[in-house]
Structure formats: C-alpha cells, structure tokens
Amino acid sequence: MRRPQLAAVLVALVMALVACSGAPAPTGPSDLSDATVRALGFGNDWNWKQQVNPLELGVTHTQYSLDPDEPTEARQRGEGILANNGAIWQNIHLMGFGTLNPEPAPGQFDWSSLDERMQLVKQTGGRTVLTLCCSPDWMKGGQPGQTDWSELETAPEPAHFDDFAALAAQTVQRYPQIERVLVWNELKGFYDADKNRWDYEGYTELYNKVYTAVKAVRPDVEVGGPYVVLTSLDPGSPDSSDVRGPWGVADQRALDVVDYWLANNVGADFVAVDGATATRNETLAEPADAAARKFADLTTWIRARTQLPVWWAEFYPDVPSDQQGGATSQASAASTLAVLAAYAQSGVSGALLWGPQGSDLGFSALWTDSTQSDGGRPTPLTAGWQWLVPRLEAGHVAIGHSPTLPVLAFRAPDGMLVVNLTQNPVDLSEGEPLAPWAVLLSQRAP
C-alpha cells in the first residue's frame with residue numbers, strides 16, 4: 001500500500017516544480033475554500049455513493065516514457081511524479097510502444113529495451129503488467145531477422161500461435177516482477193472484414209494457448225483478455241446493441257467478443273476492455289459525467305455476465321469540439337476525473353492511463369513531455385490523480401453529484417476533491433464561481 005500524501009503537499013509540489021521551470025503554472029487543483037464548501041453543501045441530497053470495491057489505478061508506458069536518453073532533469077522530474085502515487089500498476093508492451101522486437105529470429109533474443117522498462121517500474125516502485133502484444137515478424141509472414149514496424153498491428157499466423165505462446169512464457173520467466181498479463185491489444189489484426197465482425201474465434205484460440213503456456217511456468221501470474229474496444233455508436237447506427245445511455249449505443253460486434261471469450265476461454269483472472277467517451281462519429285454527451293457514464297454502464301453489463309474483476313486497459317475521455325484536449329488541458333483533466341468516478345461507482349477493479357508522458361495524443365497525462373529539457377512537469381491532472389490513487393486503492397472514497405449543479409465530488413475521510421464538469425463557470429451562492437473545468441482539493445475531512 002502506498003502512503004497517502006496530504007493534499008497540501010501535492011499542491012505545494014506542483015507549484016514548486018512549476019516555479020523552478022519559469023513556465024506558467026498549470027491550472028491544477030486549487031484549495032477548496034470554506035465558502036465553496038458552504039455554498040455546495042455536500043449534504044445527503046448529493047446522492048453520495050461509496051465506491052463498490054477497491055480501484056487500482058495505473059499507467060501504460062508508450063513510445064516515449066522516461067527513457068534513459070531523455071534529458072536527465074526532465075526525466076527525473078517525471079520519475080518523481082510516477083513514484084509519488086502516480087501509479088500502482090505500470091504496463092509495458094512485449095513489442096512496440098517503446099520496446100524493440102524481443103525475438104527477431106527464432107531463438108535469437110533481444111531483451112535490452114524490455115530490461116530498461118522493467119527497471120523503470122522497479123525504481124519508481126510500481127507493480128508490473130505486461131501486454132502480450134505485439135509479435136515478431138517471422139510469426140506473421142515476415143522474414144526472420146527483420147522488423148517491419150509498419151506491420152506491428154498484424155496478428156501472428158495461426159501456425160505460429162504456439163511460438164507466440166512460448167515467447168510469452170519465456171518472458172514471464174525472465175521477469176519475475178510481472179504479476180499480470182493482458183493477452184494482445186485491441187484484437188489488432190483480428191478483424192474479419194468479410195463477416196463485418198471480429199474474429200473472436202481466432203483471438204480466443206491465441207488467448208487459450210498463451211494462458212496455458214504462461215500458467216504452466218508461472219501459475220501465480222494473472223492472465224486476462226479479451227482487450228476489445230467497446231466502441232460507441234450514435235443511436236440508429238448499424239450494429240447497434242441494446243446497451244445505451246446518454247453517451248450513445250454500444251457496438252454489438254464488440255459485445256459479441258466479450259460473450260464469446262467468456263464462454264470459450266480455458267481460464268481467466270480478469271476481464272480487460274477499453275474505450276472512449278465519444279461515439280465513432282465524435283458525438284460527445286455533456287456534461288462530462290454524462291459522457292463518462294458509458295464506462296459505468298458497460299462495466300455493469302460485464303459484471304452481469306461474470307464475477308471476474310473488470311479492468312479498463314485503456315480509456316479516452318474526449319472533450320467538447322471547441323475545447324483543446326491534451327496533457328496540459330484542464331478540460332481533459334476534469335473529463336478524466338469524471339471517468340474515474342464512473343469506475344468507482346460501478347465496481348471497476350483496475351484502470352490504466354494510456355501514455356502518462358505528455359504527447360500530441362490529445363488526452364490527459366501525468367507529466368509533460370520529458371523528451372524536452374523543460375519537460376517532466378506536473379499537468380492539470382497530476383495532483384488530483386495522485387490524491388486519488390491511494391484512497392481509491394484503499395476503498396475509502398465516496399462519489400457525489402450535486403442535485404442542481406454540474407459538479408462532481410470525491411470524498412475521503414481526510415479530504416475532498418471537487419470538479420466542475422463543464423466549460424462554463426458555475427455560480428455559487430457565496431464565494432467565487434467555480435472556474436471552467438475547475439479541480440479543487442481540500443485536505444480537511446468533509
């Protein structure tokens with residue numbers, strides 16, 4: 001268990017690091033004033049709901065993420081954020097997304113980049129997840145000894161499923177720190193265009209071989225899938241399901257993957273899925289908690305089918321079209337916190353933030369781009385996320401929504417985090433209005 005950090009310490013850290021940089025301060029958590037507390041009330045009419053079960057937050061390292069060749073001070077600042085309640089779990093890919101081809105030719109191994117990423121997890125105090133994707137070229141029709149990165153998302157050929165499973169087993173043996181594995185990533189290469197659906201039979205065959213091989217050498221490692229994207233559609237779209245809400249309609253083809261995998265896998269320790277708040281046509285419900293309700297509704301759908309823990313391996317909180325999303329975006333930070341509330345309310349067991357290092361992806365991160373000398377700085381999400389990580393893990397958080405205002409609150413025994421879910425100021429009966437997308441933090445017990 002990580003030691004909870006007082007909100008005041010987190011806010012001080014944010015401001016001190018920014019002051020040293022000479023850069024403008026991100027609009028991160030501000031103090032939750034007594035006047036704001038009085039104005040918001042926080043009574044029983046807030047519809048408080050205690051989190052269903054402990055929620056463990058983590059990150060997925062992608063192409064650039066605190067790598068040894070980054071500027072030393074920027075990298076060290078980012079490492080400090082990561083180590084200070086930045087993540088319980090840290091996820092690394094077997095190949096791609098920052099790691100090299102681990103087996104360029106049969107029996108010829110290059111573990112160098114995986115060694116570096118594994119060491120990063122150790123030195124920042126994280127627990128290790130490995131995503132078993134992607135596969136060496138010779139397993140998918142390429143030439144042994146060559147790596148064509150344009151084919152990264154091609155699935156291994158069925159004739160090489162056993163070879164991929166053997167590589168997975170060898171990897172978990174090499175790195176005893178690995179506690180959990182995700183089998184493949186978003187069913188890359190498994191879409192059957194002729195049938196207009198996912199090849200869930202082929203994926204499940206691969207999954208079963210990997211599960212069996214990993215458990216044979218490391219029965220303690222937890223294995224999960226199917227890691228499918230639960231896409232949202234606009235109402236009336238082809239392939240719509242009966243699962244719907246203010247956020248849109250779930251794509252039936254993705255739900256079919258979950259149903260088939262649950263019925264046909266040889267064993268599993270958790271269910272892994274991912275998704276975004278906007279529909280395929282980029283329709284986004286507002287305010288942010290209406291969009292985030294997708295994650296709660298789909299988690300509820302999964303939990304009705306299995307008692308396995310639910311993990312969101314990736315999640316993408318979109319922002320309105322007139323807002324700028326990204327690592328330094330206040331809108332992205334508030335929208336991300338709305339998703340965490342949906343997870344806590346619906347019984348999600350784990351969630352991984354994709355790309356904790358700032359990039360041009362357009363979603364929240366925990367530190368700015370540390371490939372730049374002035375990078376590695378906190379973002380608008382950082383302190384609020386760090387405050388929530390140990391408290392959600394302990395299961396001590398209640399989530400409340402105002403009965404009259406677009407305001408969300410996380411309440412723990414030792415403090416509270418308040419979020420304005422819109423791009424508009426929220427007028428209060430006293431004190432200053434809540435700024436657009438405001439995130440307010442108090443270390444005092446509510």
Side-chain angles (χ1 to χ4, degrees), residues 7 10-11 14 26-52 55 245-247 277 284-297 315 317-320 322-323 325 329-346 364 379-388 391-392 396-446:
L10 295 175
V11 174
V14 173
T27 313
S30 303
D31 287 334
L32 181 59
S33 70
D34 291 339
T36 300
V37 170
R38 288 193 300 270
L40 289 173
F42 301 120
N44 292 332
D45 60 340
W46 262 66
N47 189 27
W48 291 99
K49 183 177 182 180
Q50 191 70 25
Q51 66 180 108
V52 174
L55 168 59
W247 44 271
T277 51
L284 180 67
E286 296 185 56
D289 60 340
R293 182 173 155 185
K294 167 186 176 172
F295 296 97
D297 290 346
F315 61 100
D318 295 285
V319 299
D322 59 351
Q323 300 292 300
S329 166
Q330 191 72 27
S332 287
S335 298
T336 300
L337 294 171
V339 172
L340 298 190
Y343 287 156
Q345 289 178 296
S346 58
S364 276
T379 72
L381 177 64
T382 308
W385 173 280
Q386 288 174 310
W387 186 83
L388 283 170
R391 291 163 177 82
L392 288 171
H396 293 163
V397 178
I399 295 89
H401 291 82
S402 168
T404 57
L405 301 172
V407 178
L408 164 71
F410 298 85
R411 185 172 65 187
D414 61 343
M416 181 178 288
L417 184 68
V418 174
V419 184
N420 178 355
L421 298 166
T422 72
Q423 58 188 301
N424 301 312
V426 174
D427 291 325
L428 304 176
S429 59
E430 65 174 297
E432 296 295 322
L434 298 185
W437 309 114
V439 178
L440 306 175
L441 187 59
S442 171
Q443 69 178 26
R444 294 187 299 276

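Fair warning: this is a prediction, and the values are worked out from it, not measured in the lab.
D45 pairs by the side chain to side chain contact (heavy atoms under 4.5 Å, CB included) definition with P403, not counting sequence neighbours. In this structure, the side chain to side chain contact (heavy atoms under 4.5 Å, CB included) partners of A331, at least two apart in sequence or on a different chain, are V319, Q323, S329, W437. Judged as a side chain to side chain donor-acceptor pair (under 3.5 Å), and not counting sequence neighbours, the contacts of T422 are N420. For S364, the side chain to side chain donor-acceptor pair (under 3.5 Å) partners two or more places apart in sequence, or in a different chain, are T336. Every ring pair (Phe, Tyr, Trp, His ring centres under 6.0 Å) that F315 has, sequence neighbours left out, goes to Y343. Scanning for side chain to side chain donor-acceptor pair (under 3.5 Å) contacts around N424 gives an empty result, with sequence neighbours left out. Annotation: side chain to side chain donor-acceptor pair (under 3.5 Å) contacts of T277 (sequence neighbours excluded): D318. The side chain to side chain contact (heavy atoms under 4.5 Å, CB included) search around A435 returns A438, not counting sequence neighbours. With sequence neighbours excluded, the residues forming a side chain to side chain contact (heavy atoms under 4.5 Å, CB included) with D322 are P320, Q423, listed by chain and number.
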Apply side chain to side chain contact (heavy atoms under 4.5 Å, CB included) to residues V418 and T36 and explain how you reach the verdict. CA-CA 10 Å; V418 174; T36 300; 5.7 Å; no
Show, in sequence, the C-alpha distance, side-chain angles and deciding distance for L381 and L337, and conclude whether the side chain to side chain contact (heavy atoms under 4.5 Å, CB included) test is met. CA-CA 8 Å; L381 177 64; L337 294 171; 4.0 Å; yes
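Between F410 and I399, some side-chain heavy-atom pair lies under the 4.5 Å cut-off.
Taking the six-membered ring for Trp and thresholds of 30 and 60 degrees, W46 and W48 have nearly parallel ring planes, at less than 30 degrees apart.
Shown here for A285 and A291, the closest heavy-atom pair between the two residues is O-CB, 3.5 Å.
S335 and S332 form no side-chain donor-acceptor contact under 3.5 Å, judged by distance and modelled atom types alone.
Sorted by first and then second residue, the salt bridge (charged side-chain N to carboxylate O under 4.0 Å, His left out) pairs involving residues 416-425 (not counting sequence neighbours) form an empty list.
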